[in-house]
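Single-structure report; data block below.
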Amino acid sequence: MDSKEINLQLRKKVGDKIQLIRKDESYEKIASRCNLDASKISKIEKGRVDFRINTIFEIAKGLRVHPKELLDIKFSFEDYYKEIDHTYKGT
């Protein structure tokens with residue numbers, strides 16, 4: 001698996017977490033409580049666009065949760081580290 005695929009998986013995991021927390025709340029309502037528009041939140045949730053940490057803070061603000069809740073995902077960083085650094089031995 002290459003770095004691009006790993007990044008896509010990571011984005012999808014964060015998007016899944018956003019969807020889980022958002023439940024049936026509209027993108028528009030979330031957007032009204034932060035500095036993002038509804039279409040951007042939708043694209044991030046669907047894993048279609050990359051994002052910065054500030055964007056995660058804004059989405060967390062819109063969802064009224066701590067940002068760490070959006071980043072609390074199951075993801076094998078060991079695989080990621082091995083992919084980007086072939087000398088990585090792991091823990």
Side-chain angles (χ1 to χ4, degrees):
M1 187 177 337
D2 66 9
S3 313
K4 188 174 182 177
E5 178 62 30
I6 292 169
N7 287 335
L8 288 172
Q9 284 185 14
L10 187 57
R11 286 196 329 234
K12 178 155 178 23
K13 296 263 186 196
V14 171
D16 290 347
K17 183 60 84 144
I18 292 168
Q19 184 178 35
L20 180 71
I21 294 169
R22 182 176 69 83
K23 297 178 184 164
D24 61 350
E25 195 166 31
S26 74
Y27 296 120
E28 289 78 16
K29 185 170 184 178
I30 296 164
S32 73
R33 298 188 300 228
C34 66
N35 292 323
L36 297 172
D37 62 45
S39 66
K40 174 109 179 185
I41 297 167
S42 172
K43 289 175 187 172
I44 292 168
E45 182 182 280
K46 293 173 181 153
R48 293 185 182 157
V49 294
D50 210 348
F51 50 84
R52 294 175 167 218
I53 194 69
N54 290 355
T55 306
I56 290 295
F57 293 156
E58 287 298 320
I59 293 172
K61 183 169 68 173
L63 291 169
R64 301 296 194 248
V65 298
H66 194 284
K68 71 180 177 182
E69 289 187 46
L70 300 179
L71 299 173
D72 185 17
I73 57 172
K74 292 184 191 242
F75 184 80
S76 176
F77 283 95
E78 291 288 319
D79 292 342
Y80 179 74
Y81 298 148
K82 288 175 187 171
E83 180 62 35
I84 62 172
D85 180 2
H86 299 290
T87 64
Y88 178 74
K89 304 284 188 222
T91 54

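- Screening residues 32-75 for ring-ring contact (aromatic ring centres under 6.0 Å, His included), with sequence neighbours left out, gives F75-F77.
- Both V14 and V49 belong to a single network of hydrophobic side chains, linked directly or stepwise wherever heavy atoms of I, L, V, M, F, W or Y lie under 4.5 Å apart.
- Contacts of K13 classified as salt bridge (Lys or Arg N to Asp or Glu O under 4.0 Å), with partners at least two apart in sequence or in another chain: none.
- Residues passing the side chain to side chain donor-acceptor pair (under 3.5 Å) test with Y88, sequence neighbours excluded: E78.
- One distance of note links OH of Y27 with CD1 of I44; it measures 10.5 Å at 0.5 Å rounding.
- The salt bridge (Lys or Arg N to Asp or Glu O under 4.0 Å) test applied to R22 returns E45, not counting sequence neighbours.
- Residues satisfying the side chain to side chain donor-acceptor pair (under 3.5 Å) criterion with K46, sequence neighbours excluded, are S42.
- Judged as a side chain to side chain donor-acceptor pair (under 3.5 Å), the pairs with a partner in residues 47-59 (not counting sequence neighbours) are, in order, E58-K61.
- For the atom pair NZ (K68) and CG (L70), the distance works out to 12.0 Å, reported to the nearest 0.5 Å.
- Considering only residues two or more places apart in sequence or on other chains, S39 meets the side chain to side chain donor-acceptor pair (under 3.5 Å) condition with D37.
- Neither I73 nor L8 shares a network with the other; the hydrophobic side chains, linked directly or stepwise wherever heavy atoms of I, L, V, M, F, W or Y lie under 4.5 Å apart, form separate groups for each.
- Every residue two or more places apart in sequence or in another chain that forms a salt bridge (Lys or Arg N to Asp or Glu O under 4.0 Å) with D16 is listed here: K12.
- For E25, the side chain to side chain donor-acceptor pair (under 3.5 Å) criterion is met by R33, not counting sequence neighbours.
- In plain terms, the two heavy atoms of L36 and A31 that are nearest each other are O-CB, 3.2 Å.
- With contacts defined as side-chain heavy-atom distances shorter than 4.5 Å, the pair I59/V65 does not qualify.
- Atom CD1 in I18 sits 7.0 Å away from atom CG in L63 (nearest 0.5 Å).
- For R64, there are no salt bridge (Lys or Arg N to Asp or Glu O under 4.0 Å) partners two or more places apart in sequence or in a different chain.
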- Task: Check the pair I41, C34 against side chain to side chain contact (heavy atoms under 4.5 Å, CB included), reporting the backbone distance first and the verdict last.
- Result: CA-CA 10 Å; I41 297 167; C34 66; 4.3 Å; yes
